[in-house]
Amino acid sequence: MTSLLVLLPTLCLASVAFILTWIVIPLYRNIKAARATGLRYVVVPYYQYNFIIARLMRLTLLRAFDSFAPGPSNTSWRVLVTSLWPLKLRHAPFKELGTDTFLIVSPGGILFNTADAAVISQILARGVEFPKATNIYKQINIYGKNVVSTEGAAWRYHRKLTSPAFSERNNFLVWRETLSQTQRMMRKLVGHNDESKTVSHMGDHTMRLSLEVLGRAGLGQKLEWPSETGGKEQPKSFTSSLEYVSLHIVTIMVLLAIFPKWFLRHAPIPSFRSSFQAFEDWSLRMKEMIRSRRAALKEPSDTHENVVTDLIGQLVRGQDDESDEEMKQLFRLSDSEVLGNLFVFMIAGHETSANTIYFTLILLALHPPFQKKVQEELADIRGGRAVDNWFFEEHLPKLINGLLGAALNESLRVISPVLTIPKAISQPRTLSIDGKDATIPADTLFRLCIPSVHRNPKFWPRCPPAESNSPAPPVNEIEDDLEEFKPERWMTKETSLTGFINSAKALSAEALASTTQPMEYFRPFTPVKGAYIPFSDGQRSCLGRRFAQVEILAALAVILSQYSVELAVDEWAEDEHVAAMSHEEKMKVWQKAHDKAQFLLREKMTCIITVQLVKGVSIPVRFVRKGKERFHR
Ligand code: HEM
């Protein structure tokens with residue numbers, strides 16, 4: 001009894017001390033610091049980047065509120081503690097708070113969120129002062145340090161040594177491989193005699209396509225799939241270990257972060273063991289590949305052409321380029337760093353490109369009139385040439401500057417594969433925000449919210465909404481068409497651009513200068529700096545931007561020059577039934593497929609490293625020979 005009398009007050013005192021030390025005092029300090037910035041702020045009970053606490057809170061506090069309290073508003077703490085709100089709510093919280101920059105304050109830290117192009121461009125231009133938040137990327141070092149996970153001098157060293165790999169010669173290889181692999185993919189997706197059949201999981205096919213292109217243009221490897229080896233799965237083939245690693249990358253990284261290697265090697269759970277096995281397999285294969293590539297490079301130089309052009313060849317050659325021995329030791333990637341970089345090229349370049357091809361196809365299937373215009377332009381561009389005779393130098397610029405390029409720009413605007421760009425500061429930094437200087441306290445984590453700035457009405461030419469069902473209902477009152485996929489936005493007629501420029505607040509000098517162009521002149525629309533950042537910008541912008549552009553445009557061009565992509569309607573009508581329908585009946589059934597696809601793009605998106613449809617959800621499509629379309633001719 002006496003001991004209980006002592007224990008209870010001690011426990012109470014300990015709890016009060018804990019709450020004061022870890023919650024009340026830090027929260028008070030953070031609120032004070034946030035107030036001093038002069039920016040708007042919202043207080044939330046916990047820090048979302050403290051993963052253990054955030055997970056605990058999601059399971060308890062958040063769940064309790066979600067069961068008993070009415071649905072949260074767009075600016076409620078229940079929404080703002082989640083990492084997905086920029087994806088789900090886009091620009092809505094900014095609009096409701098009446099600002100394009102606000103802070104989220106919690107006991108664990110301050111988050112700076114912005115959808116303001118002017119603020120984003122300052123942060124990206126001052127890369128040294130606003131470095132990447134590298135501790136978020138620690139797990140990515142599983143094979144070795146690399147250009148994605150480092151900062152400061154280490155990053156400069158990696159960037160200097162990896163950039164030459166993304167040469168125009170390599171892009172040519174990407175072009176050639178994509179043309180050939182896409183034709184191969186289409187032969188599988190379209191039945192004999194061009195009979196159209198439903199492709200239920202198009203995302204899986206674009207994932208393989210992108211892996212094949214990375215395999216060839218990145219690692220110099222032709223990937224053999226089980227169907228091409230007589231249907232026999234080869235458990236230890238390079239392809240299967242590469243595919244396994246790329247599809248299970250999140251699991252592998254989490255396991256390696258939690259458990260020691262010796263445990264995973266003998267883990268009692270089979271899936272843990274196979275993940276670890278794949279991780280080790282890939283490492284062994286890559287080390288072997290690096291060794292044999294180094295040997296090949298020592299051969300006489302006239303046989304080098306094929307072995308230096310891919311990414312691995314360029315990195316290995318870079319290892320030996322420096323003639324000065326001392327410099328070689330300082331500025332030379334170790335084998336583990338070559339491996340680490342090849343691995344992050346795969347992570348950074350696989351899903352991002354694959355999903356962009358997939359989503360652009362879906363968006364074009366949702367917009368048949370624009371798809372038709374693209375196909376007409378493609379026919380002009382290629383002038384009857386067979387795919388194998390398309391020229392990189394001649395055809396690629398036409399694709400980039402044409403309607404397909406506009407479709408790609410718009411697809412990346414509405415579904416950016418990367419959700420937010422994180423930056424972290426270790427000392428106070430001053431930014432000009434809405435014309436005033438704001439000093440942001442040290443240790444603030446910055447999030448440049450891509451979906452939000454891509455829909456910020458201040459920075460984009462816009463019209464009233466045309467589609468009643470565009471993917472936006474979290475934003476209750478949709479006042480413009482920025483939720484809609486409208487590639488025409490990127491083909492600006494000078495007259496409308498002038499109107500836009502006059503009404504925009506933040507303008508680049510180039511945009512102002514361009515107002516002197518003739519009224520009837522059409523040109524690609526150039527957004528204000530900081531407003532369009534699918535590949536980020538500044539010194540840490542995407543290294544594989546052109547690699548990705550070449551791959552995505554080449555793949556789409558091959559597909560659309562021969563086929564139309566349609567939404568599949570199997571859920572509502574069988575083929576024979578559709579064939580016997582009147583035009584009106586067909587349109588009704590197509591509208592159902594359209595509404596469902598819009599619903600999925602709106603409600604079933606998530607972000608696991610990159611933005612994607614949630615596991616198990618897909619939008620089925622069909623490829624039909626041009627002229628044989630079932631719904632829109
Ligand atoms: C549609 C396709 C792609 C998109 C939208 C994309 C987007 C991005 C973004 C936003 C970043 C900056 C991330 C940050 O700062 O947190 C980035 C960085 C990077 N990307 Fe991409 N990327 C794409 C394709 C690729 C491809 C194909 C590769 C390589 C094969 C690649 C390699 C890289 C690398 C190495 C970095 C790190 C650069 C550095 O930190 O210096 N990306 N990418």
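All residue numbers in this chain count up from 1 along the given sequence. Just so you know, ligand 1 is whichever comes first in the structure, and atom 1 is the first atom listed for that ligand.
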Taking side chain as C-beta onward, heavy atoms only, is F359 less than 4.5 Å from M605? yes
Identify, for [atom], the protein heavy atom at the shortest distance, and state residue, atom and that distance.
atom	answer
atom 27 (C) of ligand 1	G349 CA, 3.3 Å
atom 37 (C) of ligand 1	V148 CG2, 3.7 Å
atom 16 (O) of ligand 1	Y137 OH, 2.7 Å
atom 6 (C) of ligand 1	F535 CD2, 3.7 Å
atom 12 (C) of ligand 1	S536 CB, 3.8 Å
atom 38 (C) of ligand 1	R159 NH1, 3.4 Å
atom 29 (C) of ligand 1	F166 CE2, 3.6 Å
atom 33 (C) of ligand 1	A348 CB, 3.6 Å

NZ of K145: more than 12 outside heavy atoms within 6.0 angstrom? no
With heavy atoms of W155 as the reference, note each atom of ligand 1 found under 4.0 Å away. 39 (C), 40 (O), 41 (O)
Six-ring centre of W460, R413 cation under 6.0 angstrom, axis tolerance 45°: yes
Below 4.0 Å from ligand 1: does a non-hydrogen atom of I421 turn up there or not? yes
Below a 4.0 angstrom heavy-atom separation, can you tell me which part of K132, side chain or backbone, both or neither, approaches ligand 1? side chain
Out of [options], who is nearest to [atom] when you count heavy atoms only?
atom	options	value
atom 40 (O) of ligand 1	R156, R540, E551	R540
atom 2 (C) of ligand 1	V147, T352, N355	T352
atom 42 (N) of ligand 1	C542, A165, P534, P422	C542

Step by step, would you call Y532 with F459 a ring-ring contact (aromatic ring centres under 6.0 Å, His included)? CA-CA 9 Å; Y532 184 62; F459 309 117; over 10 Å; no
Below 3.5 angstrom, do we get any N/O pair linking T356 and ligand 1? no
State the CD1-CG distance between I608 and L84, to the nearest 0.5 angstrom. 9.0 Å
